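Naming: A, B, ... by sequence-line order, numbering from 1 per chain. Owing to the predicted nature of the structure, the values given are computational and were not obtained by experimental measurement. What's counted below: heavy atoms across the whole structure, side chains too, no hydrogens, waters or symmetry copies.
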Protein chains: 2
Amino acid sequence: MSPTPEPAPARLRAIPSRLLSGAALVADRLVNERLAAEGAHKWHFAVLVTLAEAGAASQAELSRRTGIYRSDMVAVLNELADAACVRRDPDPADRRRNVITLTPAGRRRLDRLDALIDDAQRELLAPLTPGEGAELTRLLTALTEHHRPAHPRPDEQR
Amino acid sequence: MSPTPEPAPARLRAIPSRLLSGAALVADRLVNERLAAEGAHKWHFAVLVTLAEAGAASQAELSRRTGIYRSDMVAVLNELADAACVRRDPDPADRRRNVITLTPAGRRRLDRLDALIDDAQRELLAPLTPGEGAELTRLLTALTEHHRPAHPRPDEQR
DNA sequence: TACCTTCATTAGTGACACGAACGTTCGTCT
DNA sequence: AGACGAACGTTCGTGTCACTAATGAAGGTA
C-alpha cells in the first residue's frame, strides 16, 4: 500500500487566495518549461506580443503595457536586442526615449514562442472543459480588473 | 484629461497563466496587508489551522499538509513557539520527530488570524457574486488537483 | 531662469519556492 | 549482529520575481 498522502485540511484547501497562489505556481512552471526549450523567457514573449500588436514603443510604454518594471525591462530588451529580435534606436523626437522596433527575426521568434505558450495554456486548462476554461478566464479578468489602482501617481511604473 | 493608461494588448490580457499570476499577486498582497496588522505571516495561519483541524503532528507532517517546505517550516515553528502559540516536544515514540502541539494561546491567535483571512477573501472576491466566487474556487481546485505529482519519491518534501 | 516630471539605467532589497548536505534515528533485511 | 536505505530536523545556499532608490539626461511649463 502507498503511505498516507497526508492531505491538507479542508479549511486550508477552501481558501481562494491559497488556490490562486498554487494555480499560479503550476501555470508559471508549465510556461517556463515550454519556453526553456527555446531558451526564452516569459517576459520576452510579453514584449514581442506587445510590439506586434501595438507597434513600436518606448521602454516606458512597453513597461506599462506588459506590467514589467522599467528596471527589469532593460535586461529583457538587452537580450532581445542581442538576439536581433528588436531594434533599440534613440527617439529623434524625444531624446530621453528609445524607440523599440520589432524586427523580422523578432516576428519569427514570436511565432515560435506563441505556439509554445498556447501549448502551455492548453495543458494548464486540460482538466477543464472549454466552457469552464473560458469561465475561469472571465472570472480572473473581472477579479484583476477590479483590484488595480485607478490613477497612477507621478513617475509611478507599471 | 487623464493621460492615456496604455492598456495591455488583448492577446496578453487573454492568457490564463498571466491572469493567474496577476490574481495571485493581488490575493497575496491583500492577505499580507491584513496579517501585517497582527504582525503575522501567511505561513503561521496555515500551520495553526492544520494543527487545529488535524491535531498535533510532526514537522514533516505539517510540511506536507501545508505545502511549506521543511526547511522553511523550522523558522515558522521557531516564531510560533516564541509566541507560545505552539509547543515543540521531542516525540518519545520516534526520537527523530518533534511533536508540535497547539496551545490555548495558539488557538486564540488562530481565531484572530482567521477573521483577518476571511476579510481578505471577502475583499478579494468582492467583484464577483457569491455564486461566481464558489465557481472560481471550484475551477481552481480542479486545476490544482489535476496538476500535481501523484507519488512522491524518497525523502522528497511537500 | 527655475522647477518638476519623465526617461533609461544601475544597483539593491525582501519574499518566496526550492535544493544540498549533514548528523541522527528508525525499519528492514540478511 | 551488522549493514543499508530511508525519514527526520536543521543549516545554508540558490534562483526568480516584484519592487524601490538613486542618478544623469532631457523634456514641459511658469
*Asks:* Specify the separation, in whole Å, of atom CZ of A:Arg95 and atom C1' of D:dG28.
*Replies:* 15 Å
*Asks:* Has the side chain of B:Ser71 got a donor or acceptor atom sitting under 3.5 Å from an opposite partner on the base of D:dG9?
*Replies:* no
*Asks:* Could you give the CG-to-P distance, from B:Leu77 to D:dG9, as a whole number of Å?
*Replies:* 9 Å
*Asks:* From the set D:dG27, C:dC26, D:dC17, return the single nucleotide nearest to any side-chain atom of A:Trp43.
*Replies:* D:dC17
*Asks:* Could you tell me whether the phosphate oxygens of D:dA25, OP1 or OP2, come under 4.0 Å of any side-chain nitrogen or oxygen in A:Arg97?
*Replies:* no
*Asks:* Kindly say if B:Tyr69 contacts the phosphate of C:dG19, meaning a side-chain N or O under 4.0 Å from OP1 or OP2.
*Replies:* yes
*Asks:* Nearest to the side chain of A:Asp72 - C:dG19, D:dC19, C:dC16?
*Replies:* D:dC19
*Asks:* Any ion pair linking A:Arg64 and A:Glu61 (charged N to carboxylate O, less than 4.0 Å)?
*Replies:* no
*Asks:* Nearest whole Å is fine: how far is C:dA17 P from A:Leu30 CG?
*Replies:* 17 Å
*Asks:* A:Asp94 CG to C:dT5 C1': how many Å, rounded?
*Replies:* 12 Å
*Asks:* Could you tell me whether B:Arg108 and B:Asp111 make a salt bridge, using a distance below 4.0 angstrom between a side-chain N and a carboxylate O?
*Replies:* no
*Asks:* Is A:Asn78 close enough to C:dT9 that one of its side-chain N or O atoms is under 4.0 Å from OP1 or OP2 there?
*Replies:* no
*Asks:* Nearest whole Å is fine: how far is D:dA22 P from A:Arg70 CZ?
*Replies:* 14 Å
*Asks:* Check B:Arg97 with B:Asp94, please: is the shortest side-chain N to carboxylate O separation under 4.0 Å?
*Replies:* yes
*Asks:* Of all the nucleotides listed (C:dC16, D:dG9, C:dA8), which has the minimum atom distance to the side chain of B:Gln59?
*Replies:* D:dG9
*Asks:* Are OP1 or OP2 of D:dA25 and a side-chain N or O of A:Arg96 less than 4.0 angstrom apart?
*Replies:* no
*Asks:* Considering just the side-chain nitrogens and oxygens of A:Asn98, establish if one lies under 4.0 Å of OP1 or OP2 belonging to C:dT9.
*Replies:* yes
*Asks:* Round to a whole Å and report the spacing from NZ of A:Lys42 to P of D:dT16.
*Replies:* 12 Å
*Asks:* So which atom in A:Pro16 and which in B:Thr137 form the shortest heavy-atom distance, rounded to 0.1 Å?
*Replies:* CG-OG1, 4.1 Å
*Asks:* Write down the distance between CZ (A:Arg29) and C1' (D:dG15), rounded to a whole number of angstrom.
*Replies:* 13 Å
*Asks:* Please confirm whether the shortest side-chain N or O distance from A:His41 to OP1 or OP2 of D:dC17 is below 4.0 Å.
*Replies:* yes
*Asks:* Please give, in whole Å, the distance from C:dC7 P to A:Asp89 CG?
*Replies:* 18 Å
*Asks:* Does this structure show an ion pair linking B:Asp91 with B:Arg96, if we count only N-O contacts that are shorter than 4.0 Å?
*Replies:* no
*Asks:* Mapping B:Val74 and A:Asp91 onto DNA chain D by nearest heavy atom, which one lands closer to the 5' end?
*Replies:* B:Val74
*Asks:* Which residue lies toward the 5' end of DNA chain D, B:Glu61 or A:Asn32, if each is placed at its nearest nucleotide?
*Replies:* B:Glu61
